[in-house]
Amino acid sequence: MARIVLVGEAMLELSEHRGAWRLGYGGDTFNTAVHLARAGHDVGYLTAAGTDPLSAGLKARLSGEGISTALVLDHPARPVGLYAIGTDSQGERSFTYWREGSAAREMFALPAIEAAVQSARTAELLGFSLISLAILPPPGREALLALAREVRSRGGQVAFDGNYRARLWDAPGEAREWRDRAIASADISLPTLDDEIALGLPDAAAV
């Protein structure tokens, strides 16, 4: 089993380049997994993808980066999510998402999740983000936090990245509740000042 397991949503990425669109892959925990693997760590990624060619390409990218795909679950009906990056004349980027029907949103409802969780619970380090929680329905969020607690109970560590995206939540208060519960389930918290201010804290000292 991988020593480090990241949990979240890997997505297709369309980026504009000289009037054309290029296909890539991204996502907050996906990017973290890639960087950790490139640094020489033993990394696995817990998510769900479709059974279509684009999902196969995503899995191939993970494997090509040296990331274990043993915990990438196959969803029989849903594809991976998609986002596009546009750039204006000032170089400012904007993002458009198509992720409401993504496979990752139902990862904890798939039949294979039980075996995946049994494997992930032995990780030395489990990492997830507020986005990982945001895309899941409440039962999935509870299952992810339960996994975090189990990793810690077995002597592993848990890292939580407080990556807040307002459009993924019904209200800031909902996000704050799950952020606080995630921090309580973690050994390492990685807050971002802008995100925490957006969630209601006044400054770095308060964070």
Side-chain angles (χ1 to χ4, degrees), residues 1-13 24-50 55 57-73 75 78-83 85 95 97 99 102-108 110 113 116-117 119-121 123-137 140-152 156-169 175 178-179 181-183 185-192 195:
M1 186 57 223
R3 293 179 58 206
I4 301 173
V5 173
L6 278 299
V7 185
E9 181 179 32
M11 303 180 71
L12 304 177
E13 176 188 278
Y25 306 95
D28 61 344
T29 53
F30 170 87
N31 295 338
T32 300
V34 168
H35 285 294
L36 287 169
R38 290 179 180 179
H41 296 287
D42 181 11
V43 182
Y45 196 67
L46 174 56
T47 189
S55 294
L58 173 61
K59 295 177 190 177
R61 175 60 183 273
L62 285 165
S63 294
E65 292 286 355
I67 299 168
S68 171
T69 59
L71 302 180
V72 179
L73 310 181
H75 195 293
R78 290 188 171 210
V80 293
L82 168 70
Y83 68 96
I85 305 174
F95 297 82
Y97 291 89
R99 71 194 314 173
S102 74
R105 287 177 177 262
E106 294 190 345
M107 72 174 96
F108 282 96
L110 294 173
I113 189 61
V117 166
S119 295
R121 66 200 285 263
E124 294 179 25
L125 175 65
L126 180 80
F128 65 100
S129 74
L130 195 57
I131 292 177
S132 305
L133 289 169
I135 65 165
L136 296 170
R141 295 172 188 172
E142 295 287 359
L144 178 50
L145 294 186
L147 172 60
R149 293 190 295 270
E150 191 163 8
V151 169
R152 293 184 74 190
Q157 290 189 308
V158 174
F160 170 69
D161 181 359
N163 201 354
Y164 175 55
R165 296 294 180 268
R167 72 184 70 186
L168 295 176
W169 298 94
W178 287 98
R179 175 204 62 189
R181 292 187 61 189
I183 290 173
S185 302
D187 299 278
I188 303 163
S189 180
L190 303 166
T192 301
D195 289 349

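In this structure, V80 and A48 approach most closely via the heavy-atom pair CG1-O, 4.5 Å. When all heavy atoms of A103 and H75 are compared, the pair lying nearest together is CB-CB, 3.6 Å. Between N31 and Y25, the shortest heavy-atom contact is OD1-O, 4.5 Å. The minimum heavy-atom distance linking Q157 with I188 is given by the pair OE1-CD1, 4.5 Å.
Side-chain atoms of S102 never come within 3.5 Å of backbone atoms of G81 as a donor-acceptor pair (strictly under, hydrogens ignored). In this structure, the side chain of S63 does not engage the main chain of A60 through any donor-acceptor pair within 3.5 Å. Of the possible polar contacts, none joining the Y45 side chain to the A70 backbone as a donor-acceptor pair under 3.5 Å is found. When atom types are taken as modelled, the side chain of D187 and the backbone of V158 share a donor-acceptor pair closer than 3.5 angstrom. Side-chain atoms of S132 come within 3.5 Å of backbone N or O of V7 as a donor-acceptor pair. Listed for the T47 side chain is a donor-acceptor partner under 3.5 Å among the backbone atoms of G8. A donor-acceptor pair is defined here as one N or O able to donate and one able to accept, closer than 3.5 Å; no such pair exists between the side chain of R149 and the backbone of S185. Within the 3.5 Å criterion, the main-chain N or O of E124 finds no donor-acceptor partner in the side chain of R3.
When side chains are defined from C-beta on, V117 counts as touching F108, because their heavy atoms get closer than 4.5 Å. With contacts defined as side-chain heavy-atom distances shorter than 4.5 Å, the pair R99/L168 qualifies. With contacts defined as side-chain heavy-atom distances shorter than 4.5 Å, the pair F128/L145 qualifies.
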Given side chain to side chain contact (heavy atoms under 4.5 Å, CB included), test I67 with V34 step by step and report yes or no.
CA-CA 7 Å; I67 299 168; V34 168; 3.9 Å; yes
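To the nearest 0.5 Å, atom CG of residue L73 and atom CD1 of residue I113 are 5.0 Å apart. To the nearest 0.5 Å, atom CD1 of residue I131 and atom CG of residue L136 are 12.0 Å apart. In this structure, the separation between CZ on R78 and CZ on R105 is 7.5 Å, given to the nearest 0.5 Å. Note that the CE atom of M11 and the CG atom of D28 stand 10.5 Å from one another [nearest 0.5 Å]. One distance of note links CZ of R165 with CG of D195; it measures 5.5 Å at 0.5 Å rounding. The CG atom of D42 sits 7.5 Å away from atom CD1 of I4, with the distance rounded to the nearest 0.5 Å.
Considering L36, L46, L71 in turn, L36 is the only one that fulfils the side chain to side chain contact (heavy atoms under 4.5 Å, CB included) rule with L6. Checked options L125, V5, L126; the residue passing with V151 is L126 (criterion: side chain to side chain contact (heavy atoms under 4.5 Å, CB included)).
Residues satisfying the ring-ring contact (aromatic ring centres under 6.0 Å, His included) test with F30, not counting sequence neighbours, are none. Partners of Y83 by ring-ring contact (aromatic ring centres under 6.0 Å, His included), not counting sequence neighbours, listed by chain and number: Y97.
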